[in-house]
Amino acid sequence: MKKKLVSLLLSASMVAALVGCGDGDSTTAPSTDNSNSNASTDSSASNAADTGDAAATSDYQLDTLTIVVDGTLTATLDNGQPEFEAQWEAAVSEAMGHDVDLVIQQLDHSGYTDAIGRLFAGGDYPDAMIMPAAMFKQYAPTGLLWDMSSAYDNAEFQSRMILPSVNENMKDSQGRLYGFAYGYGNGCVTYVKQAWLDALGINADDIKTYDDYYDMLLRFHNEDPDGNGTNGDTYGVIAAGFIGNEAPYINYLPEFWQDAYPAIYPDESGTWVDGFQSEETKAALLRLQQAYADGAIDPESLTASTKIAREKWFSNDQTGSSGVFTYWAGTWYQTLTDNLVKNDVDSELVQLAPIAEVGSYLNRESPVWVIIDDGDGDDAREQAIFDTFIETMMDGDVVQTLWTYGAEDLHWSTKAETFVTNPDDPDNKKEYEYADGEFHLKPSPNDANSIWKKNLIDPALVVCELTNGYADASELAVAGNKFFTENCVDAPSSPTSETYTNETGNIYDAQLAVVTEVVVNGGDVDAAMATYVSTVGSTVEQILAELNAAE
């Protein structure tokens with residue numbers, strides 16, 4: 001697509017804020033120059049009147065579609081992405097009546113926010129991209145994102161919607177819709193290694209309060225849960241950060257945060273407040289401080305990315321690992337189990353019911369697909385992107401199956417076949433046999449001993465029905481989704497204001513400084529909080545004034 005001047009869309013402070021946050025371990029895929037991707041489009045469309053009517057865009061031909069994605073697209077370059085891309089192009093080209101070239105730019109998942117900030121700072125914009133909810137709230141007011149409300153309201157897939165409220169609730173007070181959520185948000189649950197519980201004679205059903213939970217963590221650290229004959233070389237819990245830089249912020253350590261929500265959010269009366277300055281947050285920081293000092297929490301949690309935390313938790317060398325890991329529900333229940341199996345670690349996991357002080361896990365706001373607005377006052381190109389990309393993604397059949405399960409005969413198949421995973425491991429060997437016409441998932445392209453699970457869309461979370469009958473969620477994934485939905489509440493809404501958009505990175509840096517001083521350095525919580533107020537307090541007050549005035 002054609003480049004737009006950054007100054008017209010994003011203030012310099014916003015770009016700096018985005019580049020300044022994240023966990024710092026990002027690696028960015030080679031940049032794709034999209035500046036000429038519209039050169040082959042029908043020139044008559046560029047001169048069309050801006051009517052906002054989809055019918056007026058029928059002459060616009062989108063020949064190249066460039067998208068930016070994070071790690072939620074499981075079909076990576078070494079895991080079947082070329083085959084997925086080729087099948088998408090064939091199916092969509094047939095549906096649209098002309099060839100469409102798909103260009104996928106996949107950025108590192110852990111450093112996605114950083115990478116997007118750098119990408120946009122350079123002025124290179126894709127046609128469409130995934131945005132996590134917090135990032136979406138920052139960009140929605142900038143003019144960068146296309147209002148797709150009319151396209152969405154008139155989409156053919158409306159007849160197959162099964163969770164319409166997800167996107168309806170995303171519309172602003174004027175009815176504008178700047179992003180499309182393909183599923184509901186999901187959230188994290190606390191997993192505990194059953195083998196570690198058994199080794200110490202702990203019953204997971206007895207973990208009902210924070211004291212119970214903390215006693216379990218201390219025993220995981222002070223005793224020998226991994227059975228290597230050494231006490232004190234393991235930890236209770238590991239997390240990807242003591243506090244998150246995007247909503248819902250506390251989901252990786254809910255037992256410590258409890259009733260604290262260290263972010264700007266609307267309270268029960270609807271008034272926007274800064275939860276970071278609350279007494280509840282101070283209490284949570286002191287709990288984390290004690291856990292850090294006691295060895296109940298892995299100190300690497302301060303800087304660990306999600307990837308580092310995961311890999312340390314299911315490593316085949318459990319020395320230095322932890323018994324507890326709070327991570328995403330549903331499909332990840334199966335994925336974590338599979339990785340423990342792969343690393344020859346006892347794989348049975350317990351999903352811990354929320355302790356009394358937590359009450360419920362948090363369902364995050366949904367990530368969304370957004371379409372970049374080229375700013376020419378003509379919706380023709382943007383409507384063509386919607387029709388080519390989002391409309392087909394929810395077709396209920398071929399293209400939705402590609403986004404849900406991946407490439408046919410690589411990630412999944414309906415052909416008769418047999419295969420074996422872990423053939424050389426008698427304890428974990430498993431044989432699979434399928435008749436012709438029976439839908440099934442196949443071994444992952446990059447791991448013949450692991451069965452493929454999904455591509456981008458979780459079939460259990462999708463907002464639009466897949467009508468071809470293809471379904472193959474594992475028992476653990478189904479159980480995980482059921483457990484989470486029975487034990488969750490929606491996270492608080494994220495703020496949207498000009499000052500918040502520009503300053504969110506600076507606010508996070510100030511919060512992280514407090515967390516580091518109190519938790520890691522053992523500093524005084526009131527003194528650290530006073531530093532926070534002196535650093536960003538006036539900015540926070542301005543944000544609250546903007547938010548509450550808007551209400």
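Cation-pi check for K454 over W412 is not met; the charged atom does not lie both under 6.0 angstrom from the ring centroid and within 45 degrees of its normal. A cation-pi contact, defined as under 6.0 Å to the ring centre and within 45° of the axis, is absent between R219 and W196.
Between the side chain of S322 and the main chain of V324, no donor-acceptor pair closer than 3.5 Å is present. A donor-acceptor contact shorter than 3.5 Å links the side chain of N548 to the backbone of L544. The backbone N or O of A296 sits nowhere less than 3.5 Å from a side-chain atom of D294 that would complete a donor-acceptor pair. A donor-acceptor contact shorter than 3.5 Å links the side chain of R287 to the backbone of F256. For the pair T335 (side chain) and T331 (backbone), a donor-acceptor distance under 3.5 Å is present. In this structure a side-chain-to-backbone donor-acceptor pair under 3.5 Å is missing from D224 to N231. Between the side chain of T230 and the backbone N or O of D233 there is no donor-acceptor pair closer than 3.5 Å. Counting only distance, with no hydrogens or angles, the side chain of R364 and the backbone of P248 share no donor-acceptor pair below 3.5 Å. Side-chain atoms of Q400 come within 3.5 Å of backbone N or O of C464 as a donor-acceptor pair. At least one donor-acceptor pair under 3.5 Å links the side chain of N167 to the backbone N or O of A181.
Remark: N428 pairs with V341, N422, D425 by the side-chain contact (heavy atoms from CB on, under 4.5 Å) rule, at least two apart or across chains.
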**Message:** Using side chain to side chain donor-acceptor pair (under 3.5 Å), reason through Q277 and K282 one step at a time and then give a plain yes or no.
**Reply:** CA-CA 8 Å; Q277 298 183 50; K282 291 180 182 179; over 6 Å; no
**Chi angles and distances behind the side-chain contact (heavy atoms from CB on, under 4.5 Å) call for L302, T516** = CA-CA 8 Å; L302 175 67; T516 303; 3.7 Å; yes
**Prompt:** Does the pair V68 and Y112 meet the rule for a side-chain contact (heavy atoms from CB on, under 4.5 Å), with working shown?
**Reply:** CA-CA 10 Å; V68 169; Y112 190 66; 3.5 Å; yes
**Item:** Test log, rule side-chain contact (heavy atoms from CB on, under 4.5 Å), inputs L456 and I130
**Value:** CA-CA 11 Å; L456 173 76; I130 287 177; 3.8 Å; yes
**Request:** Let me see the working for Y139 and F120 under ring-ring contact (aromatic ring centres under 6.0 Å, His included), right down to the final yes or no.
**Result:** CA-CA 11 Å; Y139 279 101; F120 285 3; 5.4 Å; yes
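In N521, the CG atom is crowded: over 12 heavy atoms of neighbouring residues, nucleotides or ligands sit closer than 6.0 Å. Counting heavy-atom neighbours within 6.0 Å of E223 CD, excluding the residue itself, gives a total above 12.
Note: Y213 and Y210 have tilted aromatic rings, judged against thresholds of 30 and 60 degrees for the angle between ring planes.
For the pair K193/F220, no side-chain contact is recorded, criterion being any heavy-atom separation below 4.5 Å from C-beta on. At a threshold of 4.5 Å between non-hydrogen side-chain atoms, the residues T401 and T404 do not count as touching. Counting only heavy atoms from C-beta outward, the side chains of Q194 and L197 approach each other to under 4.5 Å.
When all heavy atoms of G275 and Y265 are compared, the closest pair comes out as CA-CE2, 3.8 Å. Closest approach of V237 to L253, counting heavy atoms only: CG2-CD2, 4.2 Å. Here the closest non-hydrogen pair linking A309 and A240 is CB-N, 4.2 Å. Of all non-hydrogen atoms in Y178 and V370, the two that sit nearest each other are O-CG1, 3.5 Å.
Taking the charged nitrogens against the carboxylate oxygens, D338 and K453 do have a contact shorter than 4.0 Å, which makes a salt bridge. The residues D212 and K208 are annotated as not salt-bridged, no charged nitrogen and carboxylate oxygen being separated by less than 4.0 angstrom.
Between H411 and Y405, the distance from one ring center to the other does not fall under 6.0 angstrom. The six-membered or imidazole ring of Y327 lies away from that of Y333, with a centre-to-centre distance of 6.0 Å or more. Aromatic ring centroids of W369 and F180 lie 6.0 Å or more apart. Taking the six-membered ring for Trp, F484 and Y361 have ring centres at least 6.0 Å apart. Taking the six-membered ring for Trp and the full ring otherwise, the centers of F325 and Y191 sit at least 6.0 Å from each other.
Applying the side chain to side chain donor-acceptor pair (under 3.5 Å) rule to pairs touching residues 531-540 yields D274-Y532, sequence neighbours excluded.
With 3.5 Å as the limit, one finds no donor-acceptor pair spanning the side chains of T234 and Q318. Remark: the S269 side chain and the D267 side chain contain an N/O donor-acceptor pair separated by less than 3.5 Å.
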